[in-house]
Novice: 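Please find one structure pasted underneath; my questions will follow.
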Amino acid sequence: MGACSSKRKDVTPRNDFAAKENPQDTNQATARSKEIDKQLEEKTGKEIKILLLGTAETGKSTVLKQLRIIHGIGFTENDIQIFRCAGRKNMYDTIRILIDAMVQLTIPYGFDPKVLDPKKFASGKISNGSGGSGDDMLAAASGIGKNAPIALEAARIYKANEAIGSDEQVKIIRSAVAKVKSFEISDFKTPLPTDLTYALKFLWADSGIKYCFSRSNEFQIIDLSYFMQDIDKFNSNEYIPTNQDILASRVMTSGVSETQVIIRGTVFRVFDVGGQRNERRKWIHVFDNVNAIFFLVDLSAFNQVTVEDSKINRIVESLTVFSFICNHLGFKKTAIIIFMNKMDLLKEKLEESMVADYFPEFRGKKN
Ligand SMILES: Nc1nc2c(ncn2[C@@H]2O[C@H](COP(=O)(O)OP(=O)(O)OP(=O)(O)O)[C@@H](O)[C@H]2O)c(=O)[nH]1
Ligand SMILES: [Mg+2]
């Protein structure tokens, strides 16, 4: 995203609570706010430099997008085009990653851990299986304990990870997978071809893929299910991304971008950086004269490993980088604010997962 600025004089959002405040408190708060503004002006000559830091996928660019929306900066035509393409790429990537994860986790297409109907499995065929019946699978599944991944057992018995279903179903799945795999990656500027979107929809509806997605902390994928709900809409040529679509889309940041926001005469220069390890070496270029750092942490990542190293937990990686930033001599006088992000996803995950399973020293409540 390129640099831009807001010329609006007062763009501070008001909320409903403001009207209910005690007038005396409001006066005091206004006076204090003016005092802080004055101090900042004296210190920085009306310029505040802010860095958005954090490891990959913690939500730095999303915070910047929110800032642009809240302060009325909005997005350029070029930005809108980037987000339109991002939506298409996000949908394609989701299924492409899941296809590989199905192999990695040995999950057959059509597999549904909740449906243990003997008839379904007994009559089902495994496309490249070599023996084993549905009854065998059920017996094994019931013997491995309720928390063990039943899919693994299914794959072990059938020595397959392809598909459960009739010959016709298996044929359709094979053809959909082949369609996605053979797609020549484009710049996503034009809509995805209809036969490809058909394959994406078909696979997204598959119970095995759904089960695979439910184990998404075991491989690298961003939850972009927002786009998968309406593939045709997001793929269409006429589609114009809304603010909500823009916030949900994912474009990895490479390099450094600056956005300027002017609030009551003070210029806030906000720098967004890439959080992946190979991007972090570029951070140093913006380390001079920083007034504040917003350090983002993805709290929902407690059960995930980093993209770069499958042995490193994402929260541990965040702590390491945070510690480096806090101890950096250049930031002795810099305000450092931790931004605990993705609380919505954390809440969802705590229904299924426990923090203590990943951090045994954690003594807090289960959820
Ligand atoms: N559910 C949920 N998703 C979020 C939240 N914040 C960000 N995301 C999503 O997380 C994904 C990654 O967010 P980004 O803002 O691109 O992350 P980043 O820190 O800029 O990542 P890099 O550019 O790789 O360093 C995007 O798809 C966002 O829509 C949140 O609070 N909740
Ligand atoms: Mg980013």
Side-chain angles (χ1 to χ4, degrees), residues 1-3 50-70 75 79 82-95 97-98 188 213-214 216-217 219-229 234 241-259 270-286 293-309 312 314-315 317-322 324-325 337-353:
M1 244 182 277
I50 298 176
L51 303 187
L52 290 168
L53 301 183
T55 55
E57 298 169 12
T58 47
K60 300 177 291 298
S61 303
T62 308
V63 166
L64 186 63
K65 286 176 195 170
Q66 282 169 324
L67 197 78
R68 294 176 73 123
I69 294 167
I70 292 169
F75 302 96
D79 294 333
I82 289 171
F83 294 126
R84 189 185 281 122
C85 304
R88 289 179 192 135
K89 182 172 181 331
N90 290 166
M91 294 188 289
Y92 172 76
D93 285 350
T94 296
I95 297 297
I97 292 168
L98 283 167
F188 295 94
F213 190 64
S214 76
S216 60
N217 66 311
F219 52 98
Q220 297 296 337
I221 191 167
I222 293 183
D223 184 348
L224 291 159
S225 46
Y226 177 89
F227 292 98
M228 304 309 288
Q229 311 311 328
F234 295 118
T242 62
N243 283 344
Q244 206 186 347
D245 302 342
I246 289 172
L247 288 173
S249 69
R250 159 73 178 156
V251 180
M252 193 197 101
T253 306
S254 179
V256 175
S257 78
E258 179 185 348
T259 301
V270 185
F271 290 84
D272 182 25
V273 297
Q276 296 221 348
R277 277 191 195 172
N278 58 355
E279 288 293 325
R280 284 182 224 152
R281 69 175 81 104
K282 302 174 194 165
W283 292 9
I284 192 89
H285 301 301
V286 283
I293 291 173
F294 273 45
F295 192 91
L296 276 93
V297 181
D298 172 1
L299 282 189
S300 73
F302 71 89
N303 63 352
Q304 286 172 259
V305 291
T306 62
V307 178
E308 302 90 346
D309 186 340
I312 308 276
R314 287 195 180 203
I315 300 285
E317 177 89 339
S318 273
L319 272 170
T320 309
V321 178
F322 183 63
F324 168 78
I325 293 298
I337 300 136
I338 289 211
F339 197 113
M340 307 279 192
N341 203 21
K342 304 204 187 179
M343 293 295 282
D344 55 328
L345 292 180
L346 174 70
K347 224 170 148 187
E348 274 174 30
K349 273 196 185 176
L350 289 178
E351 305 276 322
E352 308 281 331
S353 273

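Note that ligands are numbered from 1 as they come in the structure, with each ligand's atoms numbered from 1 the same way. Atom set for the values below is all heavy atoms of this structure, side chains included, hydrogens, waters and symmetry mates excluded.
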Novice: Tell me if a side-chain donor or acceptor on Arg88 pairs with a main-chain N or O of Phe188 at a distance below 3.5 Å.
Specialist: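 Yes.
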
Novice: Mark the output for Gly274 as yes if a heavy-atom distance to ligand 1 is under 4.0 Å, and as no if none is.
Specialist: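 Yes; Gly274 lies near enough to ligand 1 that a heavy-atom distance drops under 4.0 Å.
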
Novice: Using a 3.5 Å cut-off on N or O atoms only, is Thr253 in polar contact with ligand 1?
Specialist: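 Yes: some nitrogen or oxygen of Thr253 is under 3.5 Å from one in ligand 1.
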
Novice: For the pair Gln304 (side chain) and Ile315 (backbone), establish whether a donor and an acceptor sit closer than 3.5 Å, ignoring hydrogens and angles.
Specialist: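 Checking the backbone N and O of Ile315 against the side chain of Gln304, no donor-acceptor pair under 3.5 Å is found.
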
Novice: Looking only at distances, can you tell me whether any N or O atom of Leu247, backbone or side chain, sits closer than 3.5 Å to an N or O atom of ligand 1?
Specialist: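 So ligand 1 has an N or O lying under 3.5 Å from an N or O of Leu247.
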
Novice: With a cut-off of 4.0 Å, which atoms of ligand 1 are near a heavy atom of Gly275?
Specialist: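 Once the distances to Gly275 are compared, the set is 22 (P), 25 (O).
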
Novice: Quick test: of every protein heavy atom, which one is nearest to atom 1 (N) of ligand 1, and how far off is it to 0.1 Å?
Specialist: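 Ranked first by proximity to atom 1 (N) of ligand 1 is Asp344 OD2, 2.8 Å.
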
Novice: Considering only protein heavy atoms, which is closest to atom 26 (C) of ligand 1, and at what distance to one decimal place?
Specialist: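 The protein heavy atom lying closest is Ser249 O, 3.9 Å.
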
Novice: Examine the proximity of ligand 1 to Thr58 and report which part, side chain or backbone, both or neither, has a heavy atom under 4.0 Å away.
Specialist: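 The answer is both.
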
Novice: Less than 4.0 Å is my threshold; does some heavy atom of Leu224 fall inside it relative to ligand 1?
Specialist: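 It does; at least one heavy atom falls under 4.0 Å.
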
Novice: Would you find a donor on one side and an acceptor on the other, under 3.5 Å apart, between the side chain of Lys60 and the backbone of Thr55?
Specialist: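 At least one qualifying donor-acceptor pair exists.
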
Novice: Under a plain distance cut-off of 3.5 Å, with no hydrogens placed, do Thr242 and Asp245 share a side-chain donor-acceptor pair?
Specialist: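 Checked: Asp245/Thr242 side chains pair up, N/O donor to acceptor below 3.5 Å.
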
Novice: Enumerate the atoms of ligand 1 whose separation from the nearest heavy atom of Ala248 is less than 4.0 angstrom.
Specialist: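 Matching atoms, with element in brackets: 27 (O), 29 (O).
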
Novice: Tell me: protein heavy atom nearest atom 6 (N) of ligand 1, and distance?
Specialist: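 Answer, as residue, atom name and distance: Asn341 ND2, 3.2 Å.
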
Novice: Ignoring hydrogens and angles, tell me if any N or O in the side chain of Ser249 forms a donor-acceptor pair with the backbone of Ile246 under 3.5 Å.
Specialist: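 Pair found, side chain donor or acceptor close to backbone of Ile246.
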
Novice: Using only atom types and a distance under 3.5 Å, with no angle test, would you say the side chain of Glu308 pairs donor to acceptor with the backbone of Arg277?
Specialist: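 Yes.
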
Novice: Give the numbers and elements of all ligand 1 atoms closer than 4.0 Å to a heavy atom of Lys60.
Specialist: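 By the 4.0 Å cutoff, the relevant atoms are 15 (O), 17 (O), 18 (P), 19 (O), 20 (O), 21 (O), 22 (P), 25 (O).
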
Novice: Checking a contact table here: which protein heavy atom is nearest atom 10 (O) of ligand 1, and how many Å away?
Specialist: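 Protein heavy atom at minimum distance: Lys342 NZ, 3.1 Å.
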
Novice: For the rings on Phe339 and Phe295, is their centre-to-centre separation under 6.0 Å?
Specialist: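 Aromatic pair excluded; centres sit 6.0 Å or further apart.
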
Novice: On the 0 to 90° scale, with breaks at 30° and 60°, tag the Phe227-Phe234 ring pair as parallel, tilted or perpendicular.
Specialist: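 Correct class here is perpendicular.
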
Novice: When you compare the side chains of Asp272 and Ser61, does any donor N or O come within less than 3.5 Å of an acceptor on the partner?
Specialist: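 The criterion, which ignores hydrogens and geometry beyond distance, is satisfied for Ser61 and Asp272.
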
Novice: Compute the shortest N/O to N/O distance between Gly59 and ligand 1 and return yes if it is under 3.5 Å, no if not.
Specialist: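 Yes, there is a polar N/O contact under 3.5 Å.
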
Novice: Among Arg250, Glu348, Lys65, Met340, which one puts a heavy atom closest to atom 24 (O) of ligand 1?
Specialist: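 When every heavy atom of Arg250, Glu348, Lys65, Met340 is considered, Arg250 comes closest to atom 24 (O) of ligand 1.
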
Novice: Within less than 2.8 Å of the Mg ion (ligand 2), any N, O or S from Ser61?
Specialist: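 Yes - counting backbone and side chain alike, Ser61 has an N, O or S atom under 2.8 Å.
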
Novice: Does any N or O in the side chain of Gln276 come within less than 3.5 Å of the main-chain N or O of Ser254, such that one atom is a donor and the other an acceptor?
Specialist: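 Here the side-chain-to-backbone pair does not exist.
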
Novice: May I ask you to check if any N/O/S atom from Thr253 comes under 2.8 Å of the Mg ion (ligand 2)?
Specialist: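 So Thr253 does bind the Mg ion (ligand 2) by this criterion.
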
Novice: Check whether any side-chain N or O of Asn341 sits under 3.5 Å from a backbone N or O of Thr58 as a donor-acceptor pair, and report yes or no.
Specialist: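 At least one qualifying donor-acceptor pair exists.
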
Novice: Go through ligand 1 atom by atom and flag the ones less than 4.0 Å from a non-hydrogen atom of Thr62.
Specialist: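 Heavy-atom distances to Thr62 below 4.0 Å select 7 (C), 13 (O), 14 (P), 15 (O), 28 (C).
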
